[in-house]
Number of protein chains: 2
Amino acid sequence: MERLCDYLRVLTMLDRKGQQTASSEEIGSWAGVKASQVRKDLSYFGEFGRRGLGYDVEQLRAHIRDILGVQRQRPTIVVGVGNLGSALACYPGFESHGFQIVALFDNDPRRIGYKVSGMKIHSMLDLVPVVREHRAEIALLTVPEQAAQEVAEKVVAAGIRAIVNFAPVLLSLPPEVNLRNVDLARELETLCFYLPPKE
Amino acid sequence: MERLCDYLRVLTMLDRKGQQTASSEEIGSWAGVKASQVRKDLSYFGEFGRRGLGYDVEQLRAHIRDILGVQRQRPTIVVGVGNLGSALACYPGFESHGFQIVALFDNDPRRIGYKVSGMKIHSMLDLVPVVREHRAEIALLTVPEQAAQEVAEKVVAAGIRAIVNFAPVLLSLPPEVNLRNVDLARELETLCFYLPPKE
DNA sequence: TAGATTGTTAATCGATTAACAATC
DNA sequence: TAGATTGTTAATCGATTAACAATC
């Protein structure tokens, strides 16, 4: 479930505020869902709350982190070190979510060898050995649209089994590859749909 | 509906291939949904197809663009010109989706005045006049987590009614503001959940 | 006409919510 | 004990799918 991420964020916030305990009502109102939804979601994974009291913030937070598999650091590579790739390489949120960026790749000779966020940019030719060396599991693809399919295939051939594709293009890959598309324009498109026409 | 964006993408691809006509079956298989789903979705907005023949690719594409409100260019600003902000400012997908980036803002004196993607970076102090000048409707927020709430309020005060927030933090804003959260780490989190533990 | 494919209805499925007994 | 709040069941709601008459 996606909502677990929202709950985690809410709990992190409450924890920072120093709050010890939270009711499903409270969590729900922050996450924008009904209290019964929260209870249903959580009870699917176990009984984390105390009747009459609510949920222990810190404890529930730990549980959700466990469920999301955040406890393990997943070695992750970034392929394509343009602005977006650089942003991802530096993105502070990843580490705490269990993603450890271990290597960067690009095929532009003007970039290869330079460092971003303390990591050297590798040539695509080094993909196989570097992936193997770091035992990388996940690839973030931030290459131009036209290159995406080809690069994705290379990455899969190198042994990566999970890809997050940021290019606005549909990739066709073997079904065993865990593929996730993030299209920045798309988020805005649906926004636009709900936006009233300007007066 | 979000799926309309997928259909649009599929149609664009088919159009480029030079295909004149497409069946719901075909569109569905590319978009990863059932044919009946496609027909249902489309029929909600009108009768765009011809029984026995399918849908005219170009025509349907125009219809969907209309529905999504893409025909109008929405003046859009980017607030926070770090790596992510720069990536968005240059992102080629936006123009074609009806978003026209008209101005960039930052409060770092080392950035103000410089140009990214041909646009000058304005000081946050110029927010009100510049927003008014360009009649900006949408703001993309790519500022650090700690600054997000404050900056969002300034942007709203300047007259913006739609915000896409890229900071991994929940903003509390007046209900009339159209708010959309894009959390990059979150996409990966759910990926992680489905990822089998490494052997 | 016969084959194909839509638009739409009805059936199915799953997800959300309300309600409440269990219990802290 | 009384009040609060969970975990879970049953009811509701909406979304997906199958099926098929309409029709190109």
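Every chain is numbered from 1, with letters handed out A, B, ... down the list of sequences. What's counted below: heavy atoms across the whole structure, side chains too, no hydrogens, waters or symmetry copies.
- The base of C:dT6 is paired with the side chain of B:Arg51 by a donor and an acceptor separated by under 3.5 Å.
- Under the 30°/60° scheme for interplanar angles, the aromatic rings of B:Phe48 and B:His63 are found to lie parallel.
- In this structure, A:Lys34 places its NZ atom 12 Å from P of D:dG14, rounding to the nearest Å.
- One atom, CD of B:Glu2, and another, P of D:dT16, lie 11 Å apart when rounded to the nearest Å.
- The residue among B:Leu53 and A:Gly52 whose nearest nucleotide of DNA chain C lies closer to the 5′ end is B:Leu53.
- Looking at the side chain of A:Ser36, the nearest of the listed nucleotides C:dT17, D:dG7, D:dC24 is C:dT17.
- Between B:Asp56 atom CG and C:dT5 atom C1' the separation is 15 Å, expressed in whole Å.
- For A:Tyr44 and C:dA15, the shortest distance from a side-chain N or O to OP1 or OP2 is not below 4.0 Å.
- Rounded to whole Å, atom P of D:dG7 lies 12 Å from atom CG of A:Asp41.
- Note: CD (B:Gln37) to P (D:dG14) measures 16 Å, nearest angstrom.
- Backbone-only contact: A:Ser23 has heavy atoms under 4.0 Å from sugar-phosphate atoms and none from a base.
- Residues A:Ile112 and A:Leu140 are members of separate hydrophobic clusters, defined by side-chain heavy-atom contacts under 4.5 angstrom among Ile, Leu, Val, Met, Phe, Trp and Tyr.
- Taking a cutoff of 4.0 Å between a charged side-chain nitrogen and a carboxylate oxygen, A:Arg9 and A:Asp6 qualify as a salt bridge.
- In terms of phosphate contacts, A:Ser24 brings a side-chain nitrogen or oxygen within less than 4.0 Å of OP1 or OP2 of D:dT6.
- C:dT5 is paired with D:dA22 under the criterion used here, namely a Watson-Crick or G-U wobble arrangement in which both key atom distances are under 3.5 Å.
- The shortest non-hydrogen separation linking B:Ala136 to B:Ile160 is O-CD1, 3.6 Å.
- Residue contacts for A:Arg39: at a heavy-atom cut-off of 4.0 Å it reaches a base atom on one of the strands shown.
- Summarising the geometry, the separation between CZ on A:Phe48 and P on D:dT8 is reported as 11 Å, rounded to the nearest angstrom.
- Put simply, CD1 on A:Ile27 is 12 Å from P on D:dT5, counting in whole angstrom units.
- When each of D:dT8, D:dC24, C:dC24 is scored by its nearest atom to the side-chain atoms of A:Arg50, the top-ranked nucleotide is C:dC24.
- Phosphate contact (OP1/OP2 of D:dA4, side-chain N/O of A:Tyr55, threshold under 4.0 Å): absent.
- Among the nucleotides D:dT16, D:dG7, C:dT16, the one closest to any side-chain atom of B:Arg3 is D:dT16.
- Distance, B:Leu42 CG to C:dT5 C1': 13 Å, rounded to whole Å.
- The shortest heavy-atom contact between A:Ala148 and A:Asn165 is CB-OD1, 4.4 Å.
- Each of B:Glu25 and B:Lys40 was assigned the nucleotide of DNA chain C with the nearest heavy atom; the assignment lying further toward the 5' end belongs to B:Glu25.
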